[in-house]
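In what follows, chains carry the letters A, B, and so on, assigned in the order in which the sequence lines appear, proteins first and then strands, with residues in each chain numbered from 1.
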Protein chains: 2
Amino acid sequence: MLTDTEKKIMNSARAEFEQKGFNGARLQAIADAAGISKPSLHYYFRSKENLFQKIFDEALDEYMPIVNTWKNDSLTWEQKIVSFTQELVKYVQNGHMLFIIREINRNPDLLEDRIKKGKGTNSFVTYFEEMVQQDEIQQTDSRILFIMVHSICSFPVLNSQMFQKSLKLSEKKYNELMEDYAKVVADLIINAIKK
Amino acid sequence: MLTDTEKKIMNSARAEFEQKGFNGARLQAIADAAGISKPSLHYYFRSKENLFQKIFDEALDEYMPIVNTWKNDSLTWEQKIVSFTQELVKYVQNGHMLFIIREINRNPDLLEDRIKKGKGTNSFVTYFEEMVQQDEIQQTDSRILFIMVHSICSFPVLNSQMFQKSLKLSEKKYNELMEDYAKVVADLIINAIKK
DNA sequence: AATTGGTTTGACCATATGGTCAGACCGCAA
DNA sequence: TTGCGGTCTGACCATATGGTCAAACCAATT
């Protein structure tokens with residue numbers, strides 16, 4: 001269990017690391033935001049590296065907890081796709097996607113270490129494999145579908161700044177467009193793979 | 001025109017900044033890689049900030065020089081999509097996409113400044129607008145199509161590490177899959193928007 | 001009141017890093 | 001040869017930053 005102080009530290013550390021990245025993050029800033037002194041940081045978490053590991057691990061743990069959609073047998077495959085895309089977009093919007101990608105790129109060992117530690121990347125590959133078996137779906141490589149759906153849902157959030165400028169939209173307008181996007185895109189995907 | 005030394009510096013600076021990010025990059029490392037001394041860096045480029053700006057601007061300039069596809073009138077719209085997706089995937093693979101996204105996220109002013117400086121983000125929005133007019137295409141929001149196509153092509157490259165682990169593929173196998181991906185995905189997009 | 005164990009911090013250290021400066025180096029024109 | 005403009009660098013500086021340590025603080029126990 002985490003003490004009160006540890007929670008405060010984790011919270012401000014998460015904010016700092018996510019916004020600035022490992023290299024940009026400052027322990028002093030984390031300490032200040034948590035309302036404690038720098039030595040206290042080291043008292044609870046040995047080092048910057050160690051604190052970062054905790055935050056990063058946590059981010060990967062929380063990566064996509066959207067399993068309900070797939071387990072719900074009363075949904076048709078079309079409904080599952082609609083629900084999944086919407087949930088995924090929503091998830092990425094509040095999530096740690098860019099943080100994870102950025103830091104993995106900085107240091108690929110982060111993923112390797114984690115896999116060695118047992119915790120795999122909990123993916124939804126199998127769900128896609130099953131879905132593609134459906135009679136009404138044309139023959140499709142489930143892996144390609146898997147990658148495509150994730151891309152469609154994640155990238156517009158990651159790259160929002162560029163898209164906003166390209167389309168000359170305010171942040172508000174862009175977010176409005178995103179709501180449409182999630183719906184329209186699900187239909188397009190369904191349309192694309194339906195026989 | 002750039003002197004020989006300036007070119008060497010730009011090259012090693014580009015490599016360093018792209019791999020480590022602004023905060024992770026070290027001027028000493030750039031100087032070493034260029035085979036010159038640190039003061040020489042400051043002689044040619046006033047400061048780290050300034051050198052970074054040059055590299056970043058250049059990266060944005062080179063962002064997607066794939067205009068030929070669209071200007072080629074002998075191609076059907078289907079062929080254009082096929083060609084465009086393949087070119088785009090190829091571009092992102094060698095490109096600076098993650099670098100750009102990472103740094104914009106670190107400091108959104110980077111984009112703002114550039115737009116104020118006149119250089120817009122050269123997008124392909126208009127091409128999509130025109131294409132969607134086609135009779136054989138069902139009514140589609142060109143902006144959504146624009147975002148979707150870019151996402152499909154860019155994200156698999158950015159997030160390659162995660163996808164590799166999720167799908168339990170070696171880097172080699174993943175790159176092979178990517179070749180299929182570019183083709184298959186074009187068909188899926190066409191299928192999705194065709195009447 | 002005194003002791004003890006866990007918690008917290010001011011003061012400090014070693015190192016890394018961006019940046020500066022006086023002077024060396026070098027090709028070339030006078 | 002000399003002088004000059006441009007190029008280049010060793011030595012140095014100021015500051016930021018991760019990390020340490022001895023001492024203070026404090027609640028609970030005896």
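Rounding to whole angstrom units, CD of residue B:Q28 and P of C:dT15 are separated by 17 Å. Taking atom CG of residue B:D4 and atom C1' of nucleotide C:dG27, one finds them 16 Å apart after rounding to whole Å. Rounded to a whole Å, the CG atom of A:L51 is 10 Å from the P atom of D:dG19. Atom NZ of B:K20 and atom P of C:dA16 are 14 Å apart (whole Å). When the P atom of D:dA16 is taken as reference, atom CG of A:D32 falls 14 Å away, rounded to whole Å. The distance from atom CG of B:L27 to atom P of D:dT9 is 15 Å, rounded to the nearest whole Å. To the nearest angstrom, C1' of D:dG6 lies 12 Å from CD of B:E6. Taking atom CG of B:L41 as the reference point, atom C1' of C:dT20 lies 14 Å away to the nearest angstrom.
Among the protein residues, B:I36 comes within range of the sugar-phosphate backbone only, with heavy atoms under 4.0 Å from sugar or phosphate atoms but none that close to a base. In this structure, B:A31 reaches neither bases nor backbone, as no heavy-atom distance under 4.0 Å exists between it and the strands shown.
Note on A:K194 versus A:D187: no salt bridge recorded, every NZ/NE/NH1/NH2 to OD/OE distance being 4.0 Å or above. Of the charged side-chain nitrogens involved, none lies within less than 4.0 Å of a carboxylate oxygen, so that B:E58 and B:K54 do not count as a salt-bridged pair.
Look at B:S47 and you won't find any side-chain N or O under 4.0 angstrom from OP1 or OP2 of C:dG18. The phosphate of C:dG18 has OP1 or OP2 within less than 4.0 Å of a side-chain N or O from B:R26.
Toward the 5' end of DNA chain C, the nearer of the two residues A:K38 and A:Y43, judged by each one's closest nucleotide, is A:Y43. Annotation: of the two residues near DNA chain D, B:T3 and A:F22, the 5′-most nearest-nucleotide partner is B:T3. Nearest-nucleotide assignment on DNA chain D puts the 5′-proximal partner with B:S40, out of A:E49 and B:S40.
Closest to the A:H42 side chain, of the nucleotides C:dT20, D:dT9, D:dT20, is D:dT20. Side-chain proximity of A:P39 to the nucleotides C:dG19, C:dT9, D:dG19 is greatest for C:dT9. The side chain of B:T5 lies closest to D:dC8, out of C:dG19, D:dT20, D:dC8.
Between A:F22 and A:I55 there is no side-chain heavy-atom pair separated by less than 4.5 Å.
Separating the CZ atom in B:R106 from the CZ atom in A:R102 is a distance of 10.5 Å, to the nearest 0.5 Å.
Separation of the A:F99 and A:F17 ring centroids does not fall under the 6.0 Å cut-off.
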